[in-house]
Asker: 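One structure, as structure tokens, below. Some questions next.
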Protein chains: 2
Amino acid sequence: MISHPTRHAADGPAAAAIGLLAEQGYDATSVDDLADAAGMSRSTFFRKFGSKEDVVFADHERILRQVTDRLAETMLEPPAAIEDAALLVFNHHLRNPETSRARYELMQAVPALRDRELVTSHRYERAFVLHLLDRLPDAGTREYTAVAFAAAAVAVHNALLRRWLRTAPAQLAETADRDTSAELANELRALSGIFRPALLGTGPSAPASPAVVVTVLAGGADKDAILRAVGDALD
Amino acid sequence: MISHPTRHAADGPAAAAIGLLAEQGYDATSVDDLADAAGMSRSTFFRKFGSKEDVVFADHERILRQVTDRLAETMLEPPAAIEDAALLVFNHHLRNPETSRARYELMQAVPALRDRELVTSHRYERAFVLHLLDRLPDAGTREYTAVAFAAAAVAVHNALLRRWLRTAPAQLAETADRDTSAELANELRALSGIFRPALLGTGPSAPASPAVVVTVLAGGADKDAILRAVGDALD
């Protein structure tokens with residue numbers, strides 16, 4: 001039996017507001033309209049969500065908190081923890097397709113919202129960097145590698161998310177959503193694989209890791225030349 | 001003899017405007033003040049720079065064009081081309097320290113400018129991705145690796161740039177600037193090294209590239225075992 005993931009209850013009012021904004025147009029919708037759609041008074045709406053722009057990103061705030069909580073508690077090694085956190089964000093979008101699509105539609109129409117999305121994205125990236133610097137062995141010497149890995153993970157997440165958001169809903173059965181999630185998991189795992197030696201080091205702090213020999217030669221080098229170069233590199 | 005790099009003439013008026021904004025405060029400075037500082041009439045200023053916010057990022061537009069031109073013409077293999085392009089941007093900031101620092105000061109004070117900087121940054125990232133997808137062998141299958149590498153390169157550039165901008169000018173002799181540039185070059189080269197196998201693949205599609213041999217063995221393997229494994233890999 002397939003269990004259908006449910007929308008988080010706290011997203012209800014924000015989801016209704018975002019849906020209305022996408023339907024009526026951002027500029028054509030007043031805060032009174034949004035408060036109505038969210039089923040609350042204008043003052044409650046302001047207190048709860050702040051501005052019209054803020055409500056569009058209300059669930060991002062919640063997910064960002066979830067991400068930082070998850071990272072604070074994780075027992076996973078650092079690269080895997082970042083994979084896990086990025087999937088948490090992605091799966092939130094998959095579980096709330098109407099709201100994510102409505103928000104995407106709004107961003108296409110309103111440049112200021114697109115910029116705000118970039119800022120939000122940057123906050124995830126920052127949370128990833130802070131986690132890596134907290135948990136990596138010799139974090140100080142790997143600062144820029146941590147920065148690079150965090151940015152790369154967020155960029156891959158965003159690229160797959162945009163592809164999913166651009167795909168017409170009719171083409172997306174629930175199985176396709178699961179495939180997309182699995183594809184992101186694969187891409188993130190590959191990325192971790194690329195970065196793992198640089199992030200975790202291969203010194204005595206990771207005694208079980210394999211020895212890696214990388215030798216670069218001029219194109220067309222024959223087997224003897226290559227073996228000689230590798231031998232030299234090991235001396 | 002040390003040759004002192006010179007500021008690009010086209011930056012003069014924008015640099016004067018940015019300097020005044022940082023000195024007087026963003027909100028306290030009118031477009032008339034800026035036109036005065038830039039040595040032009042209000043209408044010329046508007047035609048040339050657009051809004052008060054636009055002038056803060058005027059040189060970014062020019063550098064972005066330089067980056068896309070350089071990438072269009074480059075003969076470097078894709079990862080090295082990205083290293084080169086990121087250094088071009090960095091060295092522009094090093095050559096214009098007062099303007100870059102004044103802009104950084106403004107961004108600390110005005111959140112909207114900070115957001116705009118993120119957007120600018122994202123445009124460099126996009127230019128890098130497009131170049132990689134244009135030049136990589138089997139680009140289609142490496143799309144997310146290209147996205148990851150571009151984001152990582154930009155993030156490392158930005159992290160080193162911010163560190164340089166936060167350092168008090170008094171501590172930065174010209175030699176220190178050169179060191180910072182060399183440090184970025186090293187970090188970018190390391191990043192290219194991390195990504196190169198995933199970006200370029202190791203198949204026959206890149207006949208002119210150097211032969212790269214990557215051999216993975218159990219930890220503690222001795223020289224003979226490693227040479228045997230490399231030899232086997234080449235058979």
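What you are looking at is a predicted structure, and each value in this text was computed from that prediction instead of being measured.
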Asker: Does anything in residues 188-200 of chain A form a side-chain hydrogen bond (donor to acceptor under 3.5 Å, both in side chains)? List the pairs, not counting sequence neighbours.
Answerer: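 Of all non-adjacent pairs touching residues 188-200 of chain A, those that pass side-chain hydrogen bond (donor to acceptor under 3.5 Å, both in side chains) are A:E77-A:R196, A:E83-A:S192, A:N186-A:R189.
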Asker: Could you tell me whether B:D54 and B:K48 have a side-chain N and a carboxylate O separated by less than 4.0 Å?
Answerer: no
Asker: With A:E125, which residues qualify under side chain to side chain donor-acceptor pair (under 3.5 Å), at least two apart?
Answerer: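 In terms of side chain to side chain donor-acceptor pair (under 3.5 Å), with neighbours along the sequence ignored, A:E125 is linked to no residue.
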Asker: Tell me the ring pair (Phe, Tyr, Trp, His ring centres under 6.0 Å) pairs involving residues 109-156 of chain B, sequence neighbours left out?
Answerer: B:F149-B:F195
Asker: Are A:E183 and A:R163 ion-paired here, with the side-chain N under 4.0 Å from a carboxylate O?
Answerer: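 So A:E183 pairs with A:R163 through a salt bridge.
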Asker: Could you give the distance from CG (A:L113) to NZ (A:K52), rounded to the nearest 0.5 Å?
Answerer: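 Reported value, rounded in 0.5 Å steps: 9.5 Å.
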Asker: Is any side-chain heavy atom of B:I82 less than 4.5 Å from a side-chain heavy atom of B:L71?
Answerer: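 Result yes, sub-4.5 Å side-chain heavy-atom pair found.
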Asker: Below 4.5 Å from any heavy atom of chain A, which atoms of B:I194 appear? Answer side chain, backbone, both or neither.
Answerer: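 Both backbone and side chain.
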Asker: Does any heavy atom of chain A fall under 4.5 Å from the side chain of B:E117, the backbone, both, or neither of them?
Answerer: neither
Asker: Using a 4.5 Å heavy-atom cutoff, which residues in residues 150-158 of chain B come close to chain A?
Answerer: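 Under the 4.5 Å heavy-atom cut-off, B:A151, B:A152, B:A155, B:V156 qualify.
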